[in-house]
There are 2 protein chains.
Amino acid sequence: MSEETSRPTLEAVAARAGVSRATVSRVVNGGTGVREPLVERVRRAVEELGYVPNQAARSLVTRRHDAVAVVIAEPETRVFADPFFALQLRGIGKELTAHDSQLVLLLTEGRDDHVRVGRYLAGGHVDGALVFSLHLDDPLPGLIHGAGVPTVFGGRPGWGDGVPDVVYVDSDNRGGARDAVRYLVGLGRTRIGHITGPLDQTSAVDRLQGFRDVMVDAGPRMVGEGDFTPAGGESAMRELLDRCPDLDAVFAANDLSASGALRALRESGRRVPDDVAVVGFDDMLPVAEQTDPPLTTIRQDIEEMGRLMARLLLGGLEPRGAGAGREAANAPSSVVLPTTLVRRASA
Amino acid sequence: MSEETSRPTLEAVAARAGVSRATVSRVVNGGTGVREPLVERVRRAVEELGYVPNQAARSLVTRRHDAVAVVIAEPETRVFADPFFALQLRGIGKELTAHDSQLVLLLTEGRDDHVRVGRYLAGGHVDGALVFSLHLDDPLPGLIHGAGVPTVFGGRPGWGDGVPDVVYVDSDNRGGARDAVRYLVGLGRTRIGHITGPLDQTSAVDRLQGFRDVMVDAGPRMVGEGDFTPAGGESAMRELLDRCPDLDAVFAANDLSASGALRALRESGRRVPDDVAVVGFDDMLPVAEQTDPPLTTIRQDIEEMGRLMARLLLGGLEPRGAGAGREAANAPSSVVLPTTLVRRASA
DNA sequence: CAGACTCCAGAGAGCGCTCTCAAGCGACGC
DNA sequence: GCGTCGCTTGAGAGCGCTCTCTGGAGTCTG
């Protein structure tokens, strides 16, 4: 198995094929400008020797790493318990693979990790970074942005709107929320409440904003603060019912909260959707389909968000060759993905 | 921001500190054998210049990468929808961070990816690999095992028991299953069914085996084949009820199946746990706590499994320095983690 | 058929780092 | 007081690769 005989080098391939290192290198890297018979000979030598380029040596001279860091900054266990990141990772992974790039995963937890990650990124070990920053007060995005590494954020960073060269990919949280609430209005509901997410996250803030856009007259008593968890949704729902017993619809900021809300409604003896209609957000299948009744919700294409983040980053990386120093000609710009309403039974 | 002035090298630090490259290198890598005043001067120079070692250059000579690949081979979306991998990743990430190693994530889907991953690992880009191989017929583990890369598997690979140098970390699926079923027996239940996972996965096979260990007389009609999803659990439960209407308990191979089973039981008018007691497996909090009634289940410490995998791999990597060629003195061996029963309301 | 040009292959200089080896120097023993 | 030893530092040789530059064939044009 673990042959101690070290792996073949370019030199070895060159010797075997009877050509120079340079020629082998050319063949291995695309093979333009080498005549066919030679290409063939080199190919065969590579094959026979089982040659694989040494990435370290290559990086040393090219200064490219064909690797992208994915930074997930999340102190809470909770986030790991929902499939959100997993799906984004999946999208990212696919896109990176298609570009022959590796995915270096940086999981951070606590302040020390921030320093570590900042240093790692500033150290130039990767070509770029994809950063998930969910909390408004998270220092990490700033740190990274200052590190001079090409970066695309997942979700709108709280401070990002003013800063011109911040690139992010996000769902249209506000628009989606508006759609949800308008749908409830269309159903003839008039006393519509909202269960928020944690308001230190932009997505939660945006969804609340969308709710307010439609329900301009809704007072604060129609808004219960949740935290994206079932438990939070449940207690927010109870509060809402206390303050407004004749409420006839709820828009929950995510499916998990909605599932908690359903539970609270059931306990209070209300029927869904007859007495109270419920709409969620995310369309997380294992949740949305399994609730009782199945959840009407706003779908966001999470995997596509991941894919897009990677594409944006790699696209911005591409035209490096010439013209160093001038502003990137095709600097990518942020993308906001549309959402769609998925009708099930809860509204 | 993105200063085009390239990052400082060892050379630059050496010049600034008025010493040789070699000395700076020594200080940067632990600093033994360098006199204190020099150490201090080098430290300051590093600080002032913001020097970060170039990992590529370092790897080129040391042949270490301080990076570990995590290979997740899973064609199904489903697996991404449960928090299993996320939790393992978390454990792995923590342990790797503690050892200053990076985590390179390789997501595979389909045969082409296998080749790609095999090549990547054989290419010596990482110091080792952590591989999740769930399916018995997965060619990937074999490929990797043959690639001569130190590897620890997550979950017992199907073919792994005979092969001496296969190292894996797994939960005691069989023992846990026995505990679950014995618990039901202890409750006085006698007509106990089992909903399996997909039987091409060792964990599902082992859990079924554990069930059989206790219910030695249970015929095949007491076993319904599921697939670890709620939908699969639901239909398996229905089958089971068809075949054996007076069934009084079910052990489901995971919590997701159990949630489906609960739904089927509810629809059939049975009360849980009065008519039928239900026990799951995994103790996935968002699932197990949210079902109605909350699920009694077998807990496995998933994050700890991840941590252990990383520790085993890194531990086996450590004593490389001398003695190349001889069998690793402290070759790690597989670990099977115990499980515990968590009582909630469903049984 | 000469000159200019194009195309292809090889030579060689590093990329930034580690690590061996040798040199320098003070301390110690006889 | 001289030889020897140990400890600290510096010099220099690569690690495996890319990429520029140069030289040698062909090819085309006038």
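Each chain gets a letter, A, B and so on, in the order its sequence line appears, and its residues count up from 1. The figures that follow rest on heavy atoms only: side chains count, while hydrogens, waters and symmetry mates do not.
If you take NE2 of His125(A) and P of dG16(C), they are 14 Å apart, rounded to a whole angstrom. Rounded to an integer number of Å, the gap from CG of Leu10(A) to P of dC15(D) is 13 Å. Between Arg58(A) atom CZ and dC15(D) atom P there is a gap of 19 Å when expressed in whole angstrom units. Spacing between atom CZ of Arg64(B) and atom C1' of dT18(C) amounts to 14 Å, rounded to whole angstrom units.
Distance from the side chain of Thr23(B) is smallest to dT9(D) among dT9(D), dT18(C), dT18(D). The side chain of Ser20(A) approaches dG10(C) more closely than any other nucleotide in the set dG16(C), dG10(C), dC8(C). For Arg21(B), whose side chain is taken as the heavy atoms from C-beta onward, the closest listed nucleotide among dC17(C), dG10(C), dC19(C) is dC17(C). Checked against dC17(D), dT18(D), dG12(C), the side chain of Ala22(A) finds its nearest nucleotide in dG12(C).
For the residue pair Asn29(A) and Arg58(A), a side-chain donor N or O sits within less than 3.5 Å of a side-chain acceptor on the partner.
Between Val61(B) and Val34(B), the one whose closest nucleotide on DNA chain D sits nearer the 5' end is Val34(B).
Among residues two or more places apart in sequence or in another chain, the side-chain contact (heavy atoms from CB on, under 4.5 Å) test is passed with Ala12(A) by Pro8(A), Thr9(A), Leu49(A). By the side-chain contact (heavy atoms from CB on, under 4.5 Å) test, Val34(B) pairs with Thr23(B), Arg26(B), Val27(B), Leu38(B), Val39(B), sequence neighbours left out.
Residues of residues 42-55 of chain A that place a heavy atom closer than 4.0 Å to DNA chain D, in numerical order, are Tyr51(A), Pro53(A), Asn54(A).
Ser59(B) contributes a side-chain N or O that, together with a main-chain N or O of Arg64(B), makes up a donor-acceptor pair within less than 3.5 Å.
Using a 4.0 Å cut-off, some side-chain N or O of Ser25(B) falls inside it from OP1 or OP2 of dT18(C). Proximity of Arg63(B) to the phosphate of dG16(D): a side-chain N or O atom is located under 4.0 Å from OP1 or OP2.
Between Arg307(A) and Glu303(A), at least one side-chain nitrogen of the basic residue sits less than 4.0 Å from a carboxylate oxygen of the acidic one, meeting the salt-bridge criterion.
For Phe85(A) and Phe132(A), the gap between ring centers is short of 6.0 Å.
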